[in-house]
Amino acid sequence: MKRFLIQTAVFTASATMLTSCFDEIKQVIQGEPQPAEAPAVEAAPAEPTPPPAPTQPTNEEISRMLIEQMNGSEAASAGELTCSDPQKGADSSISMTATLKMVVKEDLFARETAPAAFNKERQAVNEAANNAMRPESVYLFQVGATTDLITDADRAAKPLPENLQAPLNELKELAEASVFRKVVNTGDSVETSASFTATYVDGVWQFSNIVVDNAALLALNDYTAQSALPQDAPILTPEFEAARKSLISEKVTAFNQLAEPYIKGREEAARATLTEYQARAEEEARRIAEQAAAEEVARQESINAFVQALSDDKLFAGEWTRDKRFGELSLHIEQSKKFENSVQFVGTIYDTKLPEASLDIAGRCNLNPQENGTTQVDITIYDGQYDPDQPTAEVYDAKDGMLSLQLSKDGKLTGIMSCTSWANTPEKAFQIQMSPKAKEEPKSKRRR
């Protein structure tokens, strides 16, 4: 139909042109004047028709937008782009979803802990290392030491010497150092996608409402590119794993060989230490025995001195004091008897200036010396004659008068004269100090 319309139009135009030519020829033959030619009028140029708006952005425009949204990528470059059919909105905008493949530029590696097989290989060093670090007590027991010879220092673990500690540290590093494992190959791709709205304004596509999903691309940032690996980085391959296990095994063997003479040396050293301990123990036992013997001699000397000081017919003289008052006092032992741990005696006590007025006493001396070298002497006062004008009469009048004294090796008696009932008023007691006195001529004593 279209072709037909075009031919009809051509035919009509030709007929019109022929009719016009015949009219001009007729006017010339008949002498009819010709119409003057109208002046030519220049036609105004026609305005260019704007090209029609594209139905959607080009792939290049969409790719450029997506890459800008992703802020570029060090690990991957843009690859194939696929888009959904555009959905036209009421405002002439379109909505689309685009998927852009990002192609990995080079192999990527993840840092991981060393395989457990490395540490298992290293365990072969444990026995030698433990033996080398065992406390000295272990080796002392092996060579026959007894528990009483072991000190706290012997029970502490023994630090390794530097020549063993350094290779042990190296083994630990070989077995536990992290490794790199290849997780992404060069040329692998990850997909990123975005949904967006595009509007054609003034010959340019404008994008809005962009929602990007680039999680897979961002995950690549957790890995290390091959070009960024440290020099001589341990890359986990079957070959590397076999080589590392072999190296650990070699170093374990070397450590065990190096530790063997050290461990034997510790056993020999323990024997020497035991000998020293035993010698010191024997010396200490001898010292203790000698000290005990010396203490026993000193004890016996003290006992003999106490017994001698309290023997028959011994006399002590001295003074009593209370507050600012004082007076003389004498004590005469008439008869004494030694028992296993004590000396008991009877005698008299009297004012030195009035020997004819005296009181009967009975006493006991403990023959176990105290730490200060003295021993306890307890004396009970009985009836007798005394000066009623002296303060001591308070004790002599009472029925519970007594003396609590300390006897020294040189025979001195010190302590108090008091009454049992004065226990809550110790300030009433008389302070007593007496020393041995040469034997006096017998004096007559009046008894009541």
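Position 1 is the first residue of the sequence, and the numbers go up from there. As the structure is a prediction and not an experimental result, all values here were calculated from the model.
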Between side-chain atoms of residues 118-143 and protein atoms elsewhere (two or more places apart, or another chain), which donor-acceptor pairs fall under 3.5 Å?
{"from": "Asn119", "atom 1": "OD1", "to": "Arg122", "atom 2": "NE", "distance (Å)": "3.0"}
{"from": "Asn119", "atom 1": "OD1", "to": "Arg122", "atom 2": "NH2", "distance (Å)": "2.9"}
{"from": "Asn130", "atom 1": "ND2", "to": "Asn126", "atom 2": "O", "distance (Å)": "3.2"}
{"from": "Asn131", "atom 1": "OD1", "to": "Arg134", "atom 2": "NE", "distance (Å)": "3.3"}
{"from": "Asn131", "atom 1": "OD1", "to": "Arg134", "atom 2": "NH1", "distance (Å)": "3.3"}
{"from": "Asn131", "atom 1": "OD1", "to": "Arg134", "atom 2": "NH2", "distance (Å)": "3.3"}
{"from": "Asn131", "atom 1": "ND2", "to": "Glu127", "atom 2": "O", "distance (Å)": "3.3"}
{"from": "Glu136", "atom 1": "OE1", "to": "Arg266", "atom 2": "NH2", "distance (Å)": "3.1"}
{"from": "Tyr139", "atom 1": "OH", "to": "Asn131", "atom 2": "O", "distance (Å)": "2.2"}

### Minimum heavy-atom distance Leu407-Cys365, with the two atoms named
CD2-SG, 4.2 Å

Enumerate donor-acceptor pairs with a distance under 3.5 Å from any side-chain N or O in residues 233-255 to protein atoms, sequence neighbours excluded.
{"from": "Thr237", "atom 1": "OG1", "to": "Glu239", "atom 2": "OE1", "distance (Å)": "3.4"}
{"from": "Thr237", "atom 1": "OG1", "to": "Phe240", "atom 2": "N", "distance (Å)": "3.0"}
{"from": "Arg244", "atom 1": "NH1", "to": "Leu174", "atom 2": "O", "distance (Å)": "3.1"}
{"from": "Lys251", "atom 1": "NZ", "to": "Glu170", "atom 2": "OE2", "distance (Å)": "3.0"}
{"from": "Thr253", "atom 1": "OG1", "to": "Ser249", "atom 2": "O", "distance (Å)": "3.1"}

### Query
Do Val190 and Lys101 come close enough that some side-chain heavy atom pair is under 4.5 Å?
no

### Task
Could you check Glu173, Gln165, Lys172 and say which one makes a side chain to side chain donor-acceptor pair (under 3.5 Å) with Asn169?
Gln165

### Message
So Met65 and Gln69, do their side chains get closer than 4.5 Å, heavy atoms only?
### Response
yes

### Query
What pairs meet the ring pair (Phe, Tyr, Trp, His ring centres under 6.0 Å) rule with one or both residues in residues 185-221, with sequence neighbours excluded?
Phe196-Phe207, Tyr200-Trp205

#### Entry: Between CG on residue Leu405 and CD on residue Gln433, distance to nearest 0.5 Å
11.0 Å

All N/O donor-acceptor pairs, side-chain side in residues 178-189, below 3.5 Å, sequence neighbours left out:
{"from": "Ser178", "atom 1": "OG", "to": "Arg111", "atom 2": "NH1", "distance (Å)": "2.9"}
{"from": "Arg181", "atom 1": "NE", "to": "Glu112", "atom 2": "OE1", "distance (Å)": "3.2"}
{"from": "Arg181", "atom 1": "NE", "to": "Glu112", "atom 2": "OE2", "distance (Å)": "2.5"}
{"from": "Arg181", "atom 1": "NH2", "to": "Glu112", "atom 2": "OE2", "distance (Å)": "2.6"}
{"from": "Lys182", "atom 1": "NZ", "to": "Asn185", "atom 2": "OD1", "distance (Å)": "3.3"}
{"from": "Thr186", "atom 1": "OG1", "to": "Asp107", "atom 2": "N", "distance (Å)": "2.9"}
{"from": "Thr186", "atom 1": "OG1", "to": "Asp107", "atom 2": "OD1", "distance (Å)": "2.8"}
{"from": "Asp188", "atom 1": "OD2", "to": "Asn185", "atom 2": "N", "distance (Å)": "3.0"}

## Note on the structure
Taken in chain and number order and not counting sequence neighbours, the residues that satisfy side chain to side chain donor-acceptor pair (under 3.5 Å) with Asp232 are none

### Task
Grab the two heavy atoms, one from Ala423 and one from Pro426, that are nearest each other, plus how far apart they are.
O-CD, 3.9 Å

### Message
Please report the interatomic distance OG1(Thr197) to CD(Gln206), rounded to the nearest 0.5 Å.
### Response
12.5 Å

#### Entry: Trace of the side-chain hydrogen bond (donor to acceptor under 3.5 Å, both in side chains) decision for Gln278 with Glu282
CA-CA 6 Å; Gln278 289 173 334; Glu282 291 174 3; over 6 Å; no

### Task
Show your working on side-chain contact (heavy atoms from CB on, under 4.5 Å) between Ser418 and Lys428 and close with a plain yes or no.
CA-CA 7 Å; Ser418 183; Lys428 296 175 65 174; 5.9 Å; no

### Query
Does some side-chain heavy atom of Ile62 sit less than 4.5 Å from a side-chain heavy atom of Leu100?
no

### Query
Could you walk me through whether Thr192 and Val212 pass the side-chain contact (heavy atoms from CB on, under 4.5 Å) check?
CA-CA 8 Å; Thr192 61; Val212 176; 5.6 Å; no

### Summary
Across all chains, not counting sequence neighbours, the side chain to side chain contact (heavy atoms under 4.5 Å, CB included) partners of Ser435 are Lys412

### Message
So, using side chain to side chain contact (heavy atoms under 4.5 Å, CB included) as the criterion, who are the partners of Gln291 when residues are at least two apart?
### Response
Arg287, Glu295

### Message
Does Arg325 have more than 12 heavy atoms from other residues, nucleotides or ligands lying within 6.0 Å of its CZ?
### Response
no

### Summary
Closest non-hydrogen atoms of Leu315 and Ala438, given as atom of the first, atom of the second and distance, are CD2-O, 3.8 Å

### Residue pair Ile150 / Ala145: nearest heavy atoms and the distance that separates them
CD1-CB, 4.4 Å

### Summary
For residues 264-318, the ring pair (Phe, Tyr, Trp, His ring centres under 6.0 Å) pairs (sequence neighbours left out) are none

### Message
Assess, by modelled atom type and distance only, whether the side chains of Glu260 and Asn256 contain a donor and an acceptor separated by less than 3.5 Å.
### Response
no

### Query
Is there side-chain contact between Pro436 and Lys314, with at least one heavy-atom pair below 4.5 Å?
no

### Task
Would you give the length of the straight line joining atom CG of Asn372 to atom NZ of Lys409, rounded to the nearest 0.5 angstrom?
12.0 Å

### Summary
For Arg271, the side chain to side chain donor-acceptor pair (under 3.5 Å) test, sequence neighbours excluded, returns none

### Task
Under the side-chain contact (heavy atoms from CB on, under 4.5 Å) rule, what do Phe345 and Ile379 come out as? Steps first, then yes or no, please.
CA-CA 9 Å; Phe345 58 89; Ile379 298 174; 3.9 Å; yes

### Message
Just to verify, what does Glu276 make a salt bridge (charged side-chain N to carboxylate O under 4.0 Å, His left out) with, not counting sequence neighbours?
### Response
none

### Task
Applying side chain to side chain donor-acceptor pair (under 3.5 Å), name anything that partners Glu371, two or more places apart in sequence or on another chain.
none

### Message
Rounded to the nearest 0.5 Å, what separates atom CG in Leu403 from atom CD1 in Ile381?
### Response
4.5 Å

### Task
Please name all residues satisfying side chain to side chain donor-acceptor pair (under 3.5 Å) with Asp378, sequence neighbours left out, ordered by chain then number.
Gln376

### Message
Strictly distance-based, threshold 3.5 Å: is any side-chain N or O of Arg299 a donor or acceptor partner for the main-chain N or O of Pro369?
### Response
no

### Query
Between Thr374 and Thr414, does a side-chain contact (heavy atoms from CB on, under 4.5 Å) hold up when you go through it step by step?
CA-CA 10 Å; Thr374 65; Thr414 57; over 6 Å; no

### Message
How long is the straight-line distance from CD1 of Ile349 back to CD1 of Ile361, given to the nearest 0.5 Å?
### Response
6.0 Å

### Heavy-atom pair with the smallest gap, counting every atom of Leu367 and Glu340
CD1-O, 4.4 Å

#### Entry: Euclidean distance, Ser193 OG relative to Leu217 CG, rounded to 0.5 Å
11.5 Å

### Message
Quick check: closest heavy atoms across Cys83 and Ala98, and the distance to 0.1 Å?
### Response
SG-CB, 3.9 Å

### Query
For Thr97, does its backbone N or O pair with a side-chain atom of Ser84 as donor and acceptor, under 3.5 Å?
yes

